[in-house]
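Structure, as structure tokens:
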Amino acid sequence: MWNAMLIACAQHSQTEKVFDLFKQMEGLGIKPNFITFLCVLYACSHAGLVEKGQHFFELMKEYGIEPGDQHYASLVDLFGRAGKLQEALSIIREMPIRPTESVWGAFLTGCRLHGNTELAAYAADRIFELGPVSSGLHVLLSNAYAAAGRYEDAAKARKMLRDRGIKKETGLSWVEEGNKVHTFAAGDRSNAKAKEIYRKLEELGDEMERAGYIADTSFVLREVNGEEKNQTIRYHSERLAVAFGLITFPSDRPIRVMKNLRICGDCHTAIKFMSKCTGRVIIVRDNNRFHHFEDGKCSCGDYW
């Protein structure tokens with residue numbers, strides 16, 4: 001029960017609450033287990049609290065818990081997200097156990113976030129030495145190359161996926177309306193309200209630009225011209241889902257969107273502007289955490 005509360009607070013960016021709960025556990029004599037520390041390390045990683053995360057990692061030994069591969073993956077994620085990629089690599093090299101797919105995946109995520117394709121390629125070589133790995137790691141590598149404009153390398157990574165018969169997971173977002181679920185993919189026009197949804201996005205786009213929004217097309221991970229990049233990113237699945245909520249639900253009701261992949265950086269910025277321009281509360285749950293958008297700000301503090 002305590003672990004469930006810890007991870008819930010961490011996913012909603014209530015990091016101080018996580019630390020308070022941990023202290024309460026200690027005060028009540030409840031011994032933290034290996035999952036407890038995973039929850040706390042997750043909270044530190046997604047708040048950029050490197051020193052705090054190191055403290056909790058060391059604290060495990062005081063409770064007689066030997067760090068496992070998941071704890072090392074969390075520690076690598078902590079350093080990687082903070083841009084301390086060399087330190088993260090040192091942790092991997094000095095691990096007393098063999099680095100797993102999740103450890104290298106955490107490192108690859110850090111490389112992608114900070115645009116270090118050289119270290120990403122090094123990580124990829126180490127990952128392929130492990131044998132067959134998940135499609136997610138191939139996609140991470142492909143995206144890292146594409147973001148750096150290395151489209152040939154990105155295409156090679158995607159080809160390797162195809163050669164192994166693995167398909168990249170399609171990005172989907174969905175909204176619940178009563179007992180009905182409305183699902184959207186990028187550029188989707190299958191919804192009954194498609195015309196209204198796209199009209200709403202056009203209206204909002206003009207208003208957002210007047211408020212200072214500038215599209216970041218580096219998140220379009222394929223080689224197309226500038227205008228096509230603008231068009232591609234404008235109709236990502238999460239934006240369609242938010243627009244559906246705006247035209248469907250009363251103004252005093254928060255819009256709740258679920259997404260199966262990580263929300264892209266430009267959509268994250270765009271939804272902040274949407275919340276500011278419309279005065280609506282928008283909650284997006286991606287594959288990692290909850291994002292509460294209100295008045296142009298997000299609960300994650302732009303660190304996710």
Side-chain angles (χ1 to χ4, degrees), residues 37-38 41-42 44-51 53-54 57 67-169 171 216 218-223 260-265 268 286-289 302-304:
F37 283 99
L38 283 175
L41 286 169
Y42 174 98
C44 294
S45 177
H46 287 79
L49 303 175
V50 175
E51 289 182 12
Q54 284 180 293
F57 189 84
D69 64 296
Q70 290 173 292
H71 298 103
Y72 278 104
S74 294
L75 191 65
V76 169
D77 188 61
L78 174 74
F79 279 85
R81 286 178 185 276
K84 298 177 181 290
L85 296 172
Q86 289 298 338
E87 290 94 328
L89 190 55
S90 295
I91 291 166
I92 296 173
R93 286 171 172 165
E94 294 165 14
M95 282 174 58
I97 55 179
R98 189 186 181 204
T100 60
E101 178 182 325
S102 60
V103 172
W104 283 114
F107 182 68
L108 201 51
T109 297
C111 294
R112 164 72 181 92
L113 289 173
H114 297 284
N116 193 320
T117 52
E118 185 180 339
L119 283 179
Y122 171 81
D125 290 339
R126 304 291 79 76
I127 288 165
F128 294 141
E129 289 170 3
L130 299 174
V133 294
S134 69
S135 62
L137 284 180
H138 287 279
V139 173
L140 270 176
L141 179 62
S142 173
N143 289 352
Y145 283 139
R150 293 170 61 177
Y151 297 107
E152 284 186 19
D153 289 324
K156 285 177 187 175
R158 289 196 300 273
K159 184 178 183 300
M160 197 172 294
L161 265 181
R162 291 194 299 273
D163 290 346
R164 293 185 180 184
I166 303 169
K167 289 185 178 180
K168 178 182 175 182
E169 187 177 2
D216 184 352
S218 68
F219 291 98
V220 179
L221 301 174
R222 52 198 181 90
E223 197 170 11
N260 64 333
L261 302 178
R262 182 182 185 271
I263 185 172
C264 98
H268 190 271
D286 67 6
N287 68 344
N288 219 342
R289 65 185 302 152
D302 301 336
Y303 197 99
W304 78 103

- Go through Phe57 and Tyr72 one step at a time and tell me if the side chain to side chain contact (heavy atoms under 4.5 Å, CB included) criterion holds. CA-CA 9 Å; Phe57 189 84; Tyr72 278 104; 3.6 Å; yes

- Message: The test is side chain to side chain contact (heavy atoms under 4.5 Å, CB included); show your working for Asn288 and Tyr42 and say whether it passes.
- Response: CA-CA 10 Å; Asn288 219 342; Tyr42 174 98; 3.4 Å; yes

- Query: Could you go step by step and tell me if Lys84 and Leu78 meet the side chain to side chain contact (heavy atoms under 4.5 Å, CB included) rule?
  - Reply: CA-CA 9 Å; Lys84 298 177 181 290; Leu78 174 74; over 6 Å; no

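Residue pairs satisfying the salt bridge (Lys or Arg N to Asp or Glu O under 4.0 Å) criterion with at least one member in residues 86-95, sequence neighbours excluded, are absent. For residues 70-79, the set of pairs meeting the salt bridge (Lys or Arg N to Asp or Glu O under 4.0 Å) definition, not counting sequence neighbours, comprises Asp77-Arg81.
Nearest heavy-atom pair, Ala123 versus Leu108, reported as atom, atom and distance to 0.1 Å: CB-CD1, 4.1 Å. The two residues Ala73 and Ala106 make their nearest non-hydrogen contact at O-CB, 3.4 Å. When all heavy atoms of Val103 and Ile92 are compared, the pair lying nearest together is CG1-CG1, 3.7 Å. What you find for Asp69 and Ser102 is that their closest heavy atoms are OD2-OG, 3.8 Å. When every heavy atom of Val50 is checked against every heavy atom of Ala82, the shortest pair comes out as CG2-CB, 3.6 Å.
Side-chain contact check for Phe107 versus Leu119: some heavy-atom pair is nearer than 4.5 Å.
Between the CG atom of Leu49 and the OH atom of Tyr303 there is a distance of 8.5 Å, given to the nearest 0.5 Å. In this structure, OG1 on Thr117 lies 15.5 Å from OH on Tyr122, to the nearest 0.5 angstrom. One distance of note links CD1 of Ile97 with NE2 of His71; it measures 10.0 Å at 0.5 Å rounding. Taking CD from Glu118 and SG from Cys111, the interatomic distance works out to 10.0 Å, rounded to the nearest 0.5 Å.
Between the side chain of Asn287 and the main chain of Arg262, a donor-acceptor pair closer than 3.5 Å is present. With hydrogens and angles ignored, the 3.5 Å screen pairs no side-chain donor or acceptor of Ser45 with any backbone N or O of Leu41. Side-chain atoms of His114 come within 3.5 Å of backbone atoms of Gly80 as a donor-acceptor pair (strictly under, hydrogens ignored).
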